Student: 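Next up is a structure, given as structure tokens.
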Amino acid sequence: MQHVTVIGGGLAGSEAAWQIAQRGIPVRLYEMRPVRPTEAHHTDRLAELVCSNSFRSSSLDTAVGLLKEEMRRLGSLIMAAADRAQVPAGQALAVDRVIFSQYITAAISSHPLIELRREEVRDLPHGVTVVATGPLTSPSLSERLRILFGSDYLYFYDAISPIVTAESINTEVAFRASRYGHGSDYLNCPLTREEYYRFVDAILAAEKVPTKAFEHCMYFEGCLPIEEMARRGKDTLAFGPMKPVGLLDPRTGARPYAVVQLRQDDQAGTLWSMVGFQTKMTYPEQRRIFRTIPGLERAEFVRLGSLHRNTFIDSPRLLQPTLQFRGRHDLFFAGQLIGVEGYVESAAAGLLAGLNAARLVRGEPLVIAPPTTALGSLLAYITHSERRNFQPMNANYGLFPPLPHRLVGREKKTACAARALQDLTAWQTAQRVTAITAPSPALLSPS
Ligand SMILES: Cc1cc2nc3c(=O)[nH]c(=O)nc-3n(C[C@H](O)[C@H](O)[C@H](O)COP(=O)(O)OP(=O)(O)OC[C@H]3O[C@@H](n4cnc5c(N)ncnc54)[C@H](O)[C@@H]3O)c2cc1C
């Protein structure tokens with residue numbers, strides 16, 4: 001039978017290879033470590049966790065908790081291993097990273113239909129292929145992808161601005177306007193002189209995430225973190241992303257000293273991103289400092305700002321919702337490379353790509369997860385063809401379609417989770433997406 005090539009034995013590639021092989025299709029899985037190391041991995045194990053050992057919250061009050069439950073129901077290898085390697089971490093699912101990746105390595109290496117090759121792939125093979133080479137994709141393969149897509153569609157760093165939910169913005173303070181009266185597309189949070197300088201001082205004093213050695217020298221002038229702009233001069237931000245020119249606050253009729261602009265981030269208008277606010281401040285500091293901005297006192301952040309090395313593709317332009325490349329239908333992409341953020345999200349994308357690669361080989365119709373699920377809503381965001389200025393995204397309830405009845409807070413999340421699991425079951429039945437049993441404990445015993 002025709003085999004499928006999977007490139008990259010990280011979280012996404014291991015999950016994809018497992019899903020394909022469990023459906024009776026031979027897999028050739030390429031992992032370049034240890035022959036060629038990356039800047040962040042330390043071992044030769046598959047699905048190595050490069051940093052934190054946390055898979056984040058287990059609660060269905062969070063979209064990532066729901067995503068994990070959906071993956072269990074879809075027979076995920078990554079979730080089977082994570083559940084078995086669990087360590088106490090309160091509401092979060094954290095794992096013993098060694099046991100976790102040993103499990104995955106043992107499951108993949110002993111699978112009769114998976115051939116594991118320790119080689120760097122430098123070119124795209126013919127035949128059904130899943131590319132899951134992650135944020136640190138090797139330079140030769142990145143170059144090959146650049147030739148395939150063109151340089152406008154392949155990025156090498158994240159410059160992520162925070163995103164807040166619309167319902168948490170105080171629109172009595174934040175006013176709608178575009179600069180110089182060119183429409184009313186933006187929400188503007190106005191700051192007085194005193195508020196602005198207090199804000200700049202807080203940014204300068206805030207705790208920052210240390211820069212890794214391999215991330216040095218990657219700042220581009222058009223994309224500086226706000227703390228770097230603040231460091232260059234106390235008024236730099238007021239002449240940069242916070243410039244108030246062409247804006248009048250309708251409450252005072254005057255121009256504010258500075259503004260924080262928010263731009264609509266999804267079609268439904270439920271998410272708004274802070275324009276030009278990429279930052280390396282720690283997450284708690286961002287929440288504390290950004291909530292001092294007038295209008296954002298009660299902001300609910302679905303994503304916080306960051307800036308780090310990350311190879312990812314312009315998925316809205318390049319991928320179909322099935323995770324097939326629009327220009328070659330037997331070429332799938334998965335994992336962090338498609339612009340999902342985080343271990344769980346990467347593995348989930350690997351699961352869907354693997355499922356669809358197997359279905360393509362078997363001549364079955366390809367599937368898209370329901371948009372009301374955590375998996376479906378995330379991939380709908382990632383592959384929404386009209387999205388511009390694409391930046392990576394993690395699972396969050398802000399991406400879900402509205403409920404038939406207006407609910408807020410915890411009630412809303414509970415109702416979204418219940419709808420998601422119901423729709424997932426119905427979809428699995430209708431599309432015959434069976435969860436092939438997770439590996440047996442014996443298979444998973446670490447060697
Ligand atoms: C420094 C750093 C810290 C991070 N910290 C966190 C964190 O704390 N929590 C979190 O959720 N996420 C974190 N991430 C994001 C994290 O990388 C992803 O969540 C997750 O690892 C992505 O899974 P993946 O399968 O897409 O990529 P990876 O897990 O990186 O797997 C890709 C694999 O492909 C291999 N590969 C690359 N190029 C080739 C090639 N040409 N041929 C063959 N094999 C190749 C690599 O060796 C690697 O094993 C971090 C990322 C970085 C870079």
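Start at 1 and go down the list; that is how both ligands and their atoms are numbered. All of these numbers come straight from a predicted model, not from anything done at the bench.
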Student: Can a salt bridge be assigned to the pair R117 and E115 using a cut-off of 4.0 Å between side-chain N and carboxylate O?
Tutor: yes
Student: Ignoring hydrogens and angles, state whether a donor on the side chain of T322 or Q324 is under 3.5 Å from an acceptor on the partner side chain.
Tutor: yes
Student: Within the structure provided, determine whether I169 and L296 are in side-chain contact (heavy-atom separation under 4.5 Å).
Tutor: yes
Student: Give me the atom names and distance for the closest heavy-atom approach of T270 to G398.
Tutor: OG1-O, 3.3 Å
Student: Is there a side-chain contact between I203 and R231 (heavy atoms, below 4.5 Å)?
Tutor: no
Student: Taking non-hydrogen atoms only, is V50 closer than 4.0 angstrom to ligand 1 via side chain, backbone, both or neither?
Tutor: side chain
Student: Please list, in number order, the atoms of ligand 1 under 4.0 Å from a heavy atom of T38.
Tutor: 47 (O)
Student: Would you indicate which of M32, H41, E31 comes nearest to atom 30 (O) of ligand 1 when only heavy atoms are counted?
Tutor: H41
Student: Considering distance alone, does some N or O of Y343 sit under 3.5 Å from an N or O of ligand 1?
Tutor: yes
Student: Checking side-chain polar atoms at under 3.5 Å, does S306 have a donor or acceptor matched by the opposite partner on Q278?
Tutor: no
Student: Do any nitrogen or oxygen atoms of A12 come within less than 3.5 Å of a nitrogen or oxygen of ligand 1?
Tutor: yes
Student: Can you tell me which portion of S346 lies within the under-4.0 Å heavy-atom range of ligand 1? Options are side chain, backbone, both, or neither.
Tutor: side chain
Student: Check each heavy atom of S54 against ligand 1 and say whether those closer than 4.0 Å belong to the side chain, the backbone, both or neither.
Tutor: neither
